[in-house]
Undergrad: 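Sharing a structure, written as structure tokens. Questions coming.
Each residue takes its place number in the sequence, starting with 1. As a basis for the values below, the full set of heavy atoms in this structure was taken, side chains included, without hydrogen atoms, waters or symmetry mates.
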Amino acid sequence: MTQPITPGHKPAPPAPESTGLSGWIDQRLPIISAFKTEYIHFRMPRNLNGLWNFGAILTIVLLLMLATGTFLAMHYTPTTAEAFLSVEAIDRQLAGGWLLRAMHMVGANLFLAALYVHLFRGLYYGSYKAPRELLWLTGLLLLVMVMATAFAGYILPWGQMSYWGADVISKAVGAVPVIGGTLEHILAGGEYLGDIFLHRFFVLHFILAFLVVGVVGLHVATVHVSGSNNPLGIEPKTPKDTVPFHPYFTSKDLFGLVLFALVFALLLFFWPGLLMEPDNYAPADPMHTPADIEPEWYFLPFYGMLQSIPSKFGGLLAAAGSLLVLFALPWLDRSPVRSARFRPLCRIGLIGLVVSFVLLGLVGEHHAAGGWMLLGRAALLYYYCYFLVLLPLASRIEKTRPLPASIAAAQGEG
């Protein structure tokens with residue numbers, strides 16, 4: 001009789017070699033056998049699609065960001081008088097410096113893009129549902145940490161957009177009732193954005209980058225305990241439903257990484273202007289406000305939320321709440337069906353959620369002027385209604401499609 005398998009099921013690790021250096025090490029510190037168990041023999045659902053490649057892509061890009069960022073930090077001076085000049089020196093005088101900085105900038109943009117795709121995959125296939133709530137929460141913690149790291153990194157060149165982006169955020173924090181002035185003073189380190197502010201954000205950027213690595217380790221550990229979700233949203237029932245991670249998914253991840261590397265190279269060498277802000281190639285000038293102050297594209301939806309509400313504090317609450325509501329998602333959506341493939345109402349609503357998020361980005365780009373203001377408010381209202389109204393109601397009224405008996409059965413195997 002075939003024994004059912006549980007999420008995260010792994011076969012017993014092979015006994016270490018009794019001879020040789022690897023066997024000697026493994027008998028005293030079983031890291032080699034643990035690696036084989038967790039990354040060679042680990043059982044994965046056989047039906048994972050290309051959206052599952054983004055986990056490996058994010059890991060590789062994170063390592064690239066750490067490597068290039070460490071070298072850049074060795075030549076960066078975190079003072080308002082020298083920061084912009086040190087970045088210019090990296091670009092123009094340091095051998096290969098322009099390449100290191102361009103790789104770091106392109107990597108930051110593509111890392112956030114891959115992270116958004118990774119988040120959408122979790123929303124669409126219900127990866128936040130039991131028993132993977134902790135996996136979802138650690139992933140959201142990573143999202144918040146990466147956004148904070150990216151914002152701190154955006155400030156460091158101390159160009160025009162860096163300075164005025166920091167000014168917008170500090171003013172938004174200052175709008176918090178009662179304690180806003182104190183928080184703004186703590187954030188700035190004084191009465192204005194100067195050396196203390198820049199040095200604090202340099203340290204924050206550097207420390208957060210390595211803390212992200214630690215949380216990534218925790219995130220991966222939760223995957224190996226609860227097991228990976230899959231496009232059908234059903235648990236593996238028999239060994240036929242799973243395959244070992246190697247060679248099936250190592251080769252698939254490698255193929256995805258090659259395609260991602262091609263996109264990376266095209267942006268790096270042929271279309272660098274798509275990801276660069278011209279105004280940020282001018283040194284920060286507190287006396288001259290740029291015509292259009294806007295953040296990088298990955299922050300535009302949240303900038304649109306800030307601008308869609310006339311109150312600065314209200315806009316700050318809306319932007320912060322848009323992330324906080326995601327932490328409550330495992331308890332807002334009580335449907336026993338995970339994947340949106342089998343949830344018609346949820347699938348339509350999720351498409352609307354993506355549209356509203358994109359519209360909020362466009363609102364942020366157009367500064368919520370005229371009709372964009374009304375559009376931004378409508379998109380923001382829908383964003384919150386999806387999580388707070390549609391999902392709780394859908395779990396009660398939605399007529400879901402029947403689930404297949406097993407992953408293997410869905411692919412034509414009994």
Undergrad: What are the two closest non-hydrogen atoms of E296 and N109, and how far apart are they?
TA: OE1-OD1, 3.9 Å
Undergrad: Working to the nearest 0.5 Å, report the span between CD1 of I234 and CG of N47.
TA: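 CG of N47 is found 7.5 Å from CD1 of I234.
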Undergrad: Hey, does P231 have a side-chain heavy atom less than 4.5 Å from the side chain of S339?
TA: no
Undergrad: Nearest 0.5 Å please: distance from the CZ atom of R200 over to the CG atom of L198.
TA: 12.0 Å
Undergrad: Looking at every non-hydrogen atom in both residues, tell me the closest pair between L119 and W136 and how far apart they are.
TA: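 In this case the closest contact between L119 and W136 is CD1-CH2, 3.5 Å.
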Undergrad: If you look at every heavy atom in A175 and K312, which pair is closest and at what distance?
TA: CB-CB, 3.5 Å
Undergrad: May I ask you to decide if R46's main-chain N or O and N230's side chain share a donor-acceptor pair within less than 3.5 Å?
TA: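 Side chain of N230 to backbone of R46: no pair is present.
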Undergrad: So, taking the atom named CD in E133 and the one named CG in L329, what distance separates them when rounded to the nearest 0.5 Å?
TA: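 CG of L329 is found 11.0 Å from CD of E133.
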Undergrad: Heavy-atom count around F327 CZ within 6.0 Å, excluding the residue itself: above 12?
TA: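 Counting neighbours around CZ of F327, more than 12 heavy atoms of other residues, nucleotides or ligands fall under 6.0 Å, so yes.
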Undergrad: Y382 side chain to G349 main-chain N or O, any donor-acceptor pair under 3.5 Å?
TA: yes
Undergrad: Salt-bridged, D26 to K36, with N to O below 4.0 Å?
TA: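 Judged by the 4.0 Å cut-off on N to carboxylate O distance, D26 and K36 do not form a salt bridge.
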Undergrad: Just how far is it from atom CD1 of I57 to atom CH2 of W52, taken to the nearest 0.5 Å?
TA: 14.0 Å
Undergrad: Looking only at the aromatic ring of each residue, does the gap between the centers of Y39 and F35 stay below 6.0 angstrom?
TA: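 Under 6.0 Å, so yes.
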Undergrad: Side chains of V61 and F260: closer than 4.5 Å at any heavy-atom pair?
TA: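 V61 reaches F260 side chain to side chain.
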Undergrad: Does atom CZ of R92 have more than 12 heavy-atom neighbours from other groups under 6.0 Å away?
TA: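 Not more than 12 within 6.0 Å, no.
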Undergrad: Any chance you could lay out the side chain to side chain contact (heavy atoms under 4.5 Å, CB included) test for L268 and L99, step after step, and finish with the verdict?
TA: CA-CA 9 Å; L268 180 64; L99 181 60; 4.0 Å; yes
Undergrad: Checking side chain to side chain contact (heavy atoms under 4.5 Å, CB included) for the pair K252/F249: CA distance, chi angles, key distance, verdict?
TA: CA-CA 5 Å; K252 191 172 183 178; F249 292 107; 4.1 Å; yes
Undergrad: For the residue pair F151 and F299, categorise the inter-ring angle as parallel (less than 30°), tilted (30 to 60°) or perpendicular (more than 60°).
TA: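 Aromatic pair F151/F299 classed perpendicular.
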Undergrad: Are the side chains of L380 and I309 in touch, meaning some heavy atoms are under 4.5 Å apart?
TA: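 Of all side-chain heavy-atom pairs linking I309 with L380, at least one is under 4.5 Å.
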Undergrad: Parallel, tilted or perpendicular, judged at 30° and 60°: which one describes the rings of Y383 and F387?
TA: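 Y383 and F387: perpendicular rings.
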Undergrad: To the nearest 0.5 angstrom, please state how far the CG atom of N49 sits from the OH atom of Y125.
TA: 4.0 Å
Undergrad: Near F255 CZ, under 6.0 Å, is it more than 12 heavy atoms from other residues, nucleotides or ligands?
TA: no
Undergrad: Could you pull out the closest heavy-atom pair between T68 and M65, with the gap in Å?
TA: OG1-O, 3.3 Å
Undergrad: Could you tell me if Y281 and D91 have a donor-acceptor pair between their side chains, going purely by distance under 3.5 Å?
TA: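 No donor-acceptor contact under 3.5 Å links the two side chains.
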Undergrad: Before we go on, tell me: are the rings of F111 and H104 under 6.0 Å apart, centre to centre?
TA: no
Undergrad: Any side-chain to backbone donor/acceptor pair from D333 onto S395? Under 3.5 Å, distance only.
TA: no
Undergrad: Before you tell me yes or no, could you show the steps for L403 and L232 under side chain to side chain contact (heavy atoms under 4.5 Å, CB included), namely the whole-Å CA-CA distance, both residues' side-chain angles and the distance that decides it to 0.1 Å?
TA: CA-CA 8 Å; L403 296 173; L232 296 177; over 6 Å; no
Undergrad: Please check this pair: side chain of S127 against backbone of N229, looking for a donor-acceptor N/O pair closer than 3.5 Å.
TA: no
Undergrad: Determine yes or no for a side-chain-to-main-chain donor-acceptor pair under 3.5 angstrom, with R347 supplying the side chain and R341 the backbone.
TA: yes
Undergrad: Is there side-chain contact between Y303 and H367, with at least one heavy-atom pair below 4.5 Å?
TA: yes
Undergrad: So, for P392 and V389, which heavy atoms are closest and what is the spacing to 0.1 Å?
TA: CD-O, 3.4 Å
Undergrad: Less than 4.5 Å apart, any side-chain heavy atom of M147 and any of L323?
TA: yes
Undergrad: OH of Y154 to CE of M161: how many Å apart, nearest 0.5 Å?
TA: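 Y154 atom OH to M161 atom CE measures 4.5 Å (nearest 0.5 Å).
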Undergrad: Does some side-chain heavy atom of E184 sit less than 4.5 Å from a side-chain heavy atom of K171?
TA: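 Yes - at least one pair of side-chain heavy atoms lies under 4.5 Å apart.
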Undergrad: Taking the side chain as every heavy atom from C-beta outward, state whether V263 and L267 have any pair of such atoms under 4.5 Å apart.
TA: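 Yes. Closest side-chain heavy atoms under 4.5 Å.
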Undergrad: Would a distance-only check, ignoring hydrogens and angles, find a side-chain to backbone donor-acceptor pair under 3.5 Å from K129 to S335?
TA: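 Here the side-chain-to-backbone pair exists.
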Undergrad: Distance-only, no hydrogens or angles: does the E398 side chain make a donor-acceptor pair with backbone N or O of L345 under 3.5 Å?
TA: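 Side chain of E398 to backbone of L345: a pair is present.
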Undergrad: Does CZ in F210 sit with more than 12 non-hydrogen atoms of other residues, nucleotides or ligands closer than 6.0 Å?
TA: yes
Undergrad: What about Y298 and F302, are their ring centers closer than 6.0 Å?
TA: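 No.
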Undergrad: Taking R132 for the side chain and G227 for the main chain, is one N or O donor matched with an acceptor at less than 3.5 Å?
TA: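 Looks like yes, one N/O pair under 3.5 Å.
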Undergrad: With side chain to side chain contact (heavy atoms under 4.5 Å, CB included) as the criterion, how do C385 and L390 come out once you've worked through the C-alpha distance, each side chain's angles and the decisive distance to 0.1 Å?
TA: CA-CA 6 Å; C385 284; L390 191 147; over 6 Å; no
Undergrad: Quick check: closest heavy atoms across I155 and A166, and the distance to 0.1 Å?
TA: CD1-CB, 3.8 Å
Undergrad: Quick check: does any side chain N or O of S162 sit under 3.5 Å from a backbone N or O of L156, one acting as donor and the other as acceptor?
TA: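 Checking the backbone N and O of L156 against the side chain of S162, no donor-acceptor pair under 3.5 Å is found.
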Undergrad: Is the closest side-chain heavy-atom distance between C346 and L391 below 4.5 Å?
TA: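 Touching, per the 4.5 Å side-chain cut-off.
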Undergrad: Please answer whether the main-chain N or O of A83 pairs with a side-chain N or O of Y76 as donor and acceptor at a distance below 3.5 Å.
TA: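 Judged by distance alone, no pair lies under 3.5 Å.
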Undergrad: When W158 is tested against each of Y163, W164, F84 for ring pair (Phe, Tyr, Trp, His ring centres under 6.0 Å), which residue passes?
TA: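 In the set Y163, W164, F84, the residue that makes a ring pair (Phe, Tyr, Trp, His ring centres under 6.0 Å) with W158 is Y163.
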Undergrad: Verify whether the ring centers belonging to F120 and Y116 lie closer than 6.0 Å.
TA: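 No, the ring of F120 stays outside the 6.0 Å limit from the ring of Y116, centre to centre.
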